[in-house]
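Not measured: the values here are computed from a predicted model. Lettering follows sequence order; numbering is per chain, from 1.
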There are 2 protein chains.
Amino acid sequence: MTDAVTLHGYFRSGASYRVRIALNLKGIAYADAFHHLRKGEQNAPEYRAINPQGLLPALEIDGAVLTQSLAICEYLDELHPEPALLPAEPIARAKVRAFAQVIACDTHPVQNLKVLANLRALGLDEGQVNGWAARVIEDGLDACDKLIEGQSGTYCFGDSVTLADLFLVPQLVNARRFGVDLQRWPRLIEIERACLALDAFARAAPENQPDAE
Amino acid sequence: MTDAVTLHGYFRSGASYRVRIALNLKGIAYADAFHHLRKGEQNAPEYRAINPQGLLPALEIDGAVLTQSLAICEYLDELHPEPALLPAEPIARAKVRAFAQVIACDTHPVQNLKVLANLRALGLDEGQVNGWAARVIEDGLDACDKLIEGQSGTYCFGDSVTLADLFLVPQLVNARRFGVDLQRWPRLIEIERACLALDAFARAAPENQPDAE
């Protein structure tokens with residue numbers, strides 16, 4: 001049973017964006033609870049009581065509070081199997097998950113707001129901080145691009161949307177924010193275009209959120 | 001069918017350690033291929049041909065090369081369901097995955113060898129670099145500790161080993177390496193002790209690998 005679903009997020013949070021796409025794809029209606037990351041609202045005691053880690057997103061669903069966007073997406077996929085976000089075959093599942101984890105583990109957390117703030121606190125200037133973020137993202141997208149070499153179809157892995165696409169599209173938003181030249185990965189841009197043509201992705205985009213600035 | 005399983009790893013790689021534990025728990029025999037991280041062997045063209053990301057581990061299994069330790073562990077759990085590394089109930093699965101992802105996403109990749117080398121390249125001194133690693137690990141372990149508040153049993157989530165334990169134990173090795181005072185999390189130390197009493201964990205420990213220095 002899915003009722004009273006609340007997503008704790010922020011329009012510009014890439015990890016929240018992933019979960020918005022998943023909820024839309026699964027046709028799950030949800031209420032928004034916004035926490036302004038740049039104002040530090042994720043550290044307010046009220047939100048820390050919901051997610052002690054003070055990170056976005058958190059999803060209140062089925063009487064529980066779930067954290068970590070990848071775990072949330074896997075939960076939604078297990079409870080609402082259609083449309084499936086993972087292929088059926090185990091090796092294929094592992095490859096889709098690995099792609100998502102290149103972004104979820106090795107890319108986004110190394111260039112998020114908190115890390116960049118820590119770099120500034122150590123005395124690095126804006127050029128160095130932006131350069132850091134750009135290089136991390138370039139490494140991540142290079143890896144993603146290689147992981148789908150030889151794949152065909154509309155999306156990262158064939159003609160069905162998978163977790164890989166849910167993680168790729170928000171990361172490309174981040175890439176642009178830090179001035180990364182996306183022309184290096186024509187295939188990724190092509191996939192992004194196909195994804196954004198879907199209502200579930202378009203509605204989840206940062207600029208279409210009620211808290212967008 | 002599982003034959004000719006090869007783990008590309010390094011004794012001190014925390015992510016390789018997770019996969020070693022999983023393989024041992026599942027009773028899967030494997031051959032080691034060692035790549036010395038501090039000598040940069042993960043960047044050799046021969047290894048980049050196996051894992052273009054140049055990160056450890058990679059697992060050759062069932063005719064495929066799998067990357068990303070979390071995806072690998074989930075694959076092993078799907079193909080060899082006993083002993084299960086995730087609970088059966090979806091909310092419980094999501095909570096175990098979230099715990100593992102606090103380490104896999106928010107902690108380890110922000111304090112790994114590559115990140116610390118990049119900090120040094122930006123002119124930070126050893127004190128600052130070690131302080132960075134220690135703070136990232138403390139934040140991660142604080143979050144882990146809170147995520148299992150109210151849980152009882154021998155391991156992170158009850159009396160069965162889960163993915164959470166596979167990710168916790170290697171992270172504690174890293175914590176010690178950077179001088180983090182683990183007394184702050186008595187529950188985590190207690191869980192570690194219970195895990196290391198299991199042959200599958202003990203055999204996977206860094207100091208028990210053939211390439212240990």
Side-chain angles (χ1 to χ4, degrees), chain A residues 15 48 51-55 59 61-72 74-76 78-79 86 90-110 112 114-115 118-119 122-124 128-129 131-132 135-136 139-140 142-147 149, chain B residues 15 48 51-55 58-59 61-72 74-76 78-79 90-110 112 114-115 118-119 122-124 128-129 131-132 135-136 139-140 142-147 149:
Chain A
R48 287 269 181 179
N51 180 5
Q53 211 185 354
L55 291 178
L59 187 70
I61 189 166
D62 301 330
V65 177
L66 302 183
T67 57
Q68 292 290 337
S69 60
L70 184 57
I72 293 172
E74 295 250 10
Y75 173 81
L76 295 174
E78 290 182 354
L79 241 77
L86 286 169
I91 291 281
R93 292 165 73 80
K95 289 187 178 282
V96 169
R97 282 184 171 128
F99 182 106
Q101 288 163 21
V102 166
I103 294 171
C105 302
D106 298 325
T107 309
H108 187 256
V110 192
N112 69 10
K114 187 176 170 183
V115 165
N118 288 341
L119 290 174
L122 286 168
L124 300 189
Q128 290 173 309
V129 169
W132 172 286
R135 191 171 42 184
V136 167
D139 284 355
D142 272 343
C144 288
D145 194 52
K146 291 207 178 85
L147 285 174
E149 261 179 17
Chain B
R48 288 269 182 179
N51 180 3
Q53 212 186 353
L55 291 178
L59 187 69
I61 190 167
D62 300 330
V65 178
L66 302 183
T67 58
Q68 292 290 336
S69 62
L70 184 57
I72 293 172
E74 295 250 11
Y75 173 81
L76 295 175
E78 290 181 355
L79 240 76
I91 291 282
R93 292 164 72 80
K95 288 187 178 284
V96 169
R97 282 183 171 129
F99 182 107
Q101 289 163 22
V102 166
I103 294 171
C105 302
D106 298 325
T107 309
H108 187 256
V110 193
N112 68 10
K114 186 176 169 183
V115 165
N118 288 341
L119 290 173
L122 286 168
L124 300 188
Q128 290 173 310
V129 169
W132 171 287
R135 190 172 44 186
V136 166
D139 284 355
D142 272 343
C144 288
D145 195 52
K146 290 207 178 85
L147 285 175
E149 260 178 18

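Between chain B and the residues A:G140, A:A143, A:G63, A:P90, the most heavy-atom pairs under 4.5 angstrom are made by A:P90. For the options A:G131, A:G54, A:A104, heavy-atom pairs under 4.5 Å to chain B are most numerous at A:A104. Heavy-atom pairs under 4.5 Å with chain B peak, among A:L119, A:V102, A:V115, A:V96, at A:V102.
Counting heavy atoms from C-beta on, the side chains of B:L70 and A:L70 come closer than 4.5 Å.
Only the side chain of B:L66 comes within less than 4.5 Å of a heavy atom of chain A; its backbone N, CA, C and O stay farther away. Looking at A:L124, the atoms closer than 4.5 Å to chain B (heavy atoms on both sides) all sit in the side chain, from C-beta outward. With a threshold of 4.5 angstrom between heavy atoms, B:I72 does not approach chain A through any atom at all. Contact annotation for B:I91: both backbone and side-chain heavy atoms come within less than 4.5 Å of a heavy atom of chain A. Of the two parts of B:V65, only the backbone, made up of N, CA, C and O, holds a non-hydrogen atom closer than 4.5 Å to a non-hydrogen atom of chain A.
Here A:N118 contributes atom CG and B:Q128 contributes atom CD; the two are 12.0 Å apart, rounded to the nearest 0.5 Å. Note that the CG atom of A:L147 and the OG1 atom of B:T67 stand 5.5 Å from one another [nearest 0.5 Å].
A:Q101 places a side-chain N or O within donor-acceptor distance of the main-chain N or O of B:A71, the cut-off being under 3.5 Å.
In plain terms, the two heavy atoms of A:P52 and B:K146 that are nearest each other are CB-CD, 3.3 Å.
Ion pairing of A:K114 with B:D139 is present here, as a side-chain N (NZ or NE/NH1/NH2) and a carboxylate O approach within less than 4.0 Å.
Of the candidates B:T107, B:V110, B:V136, A:P109 forms a side chain to side chain contact (heavy atoms under 4.5 Å, CB included) with just one, namely B:V110.
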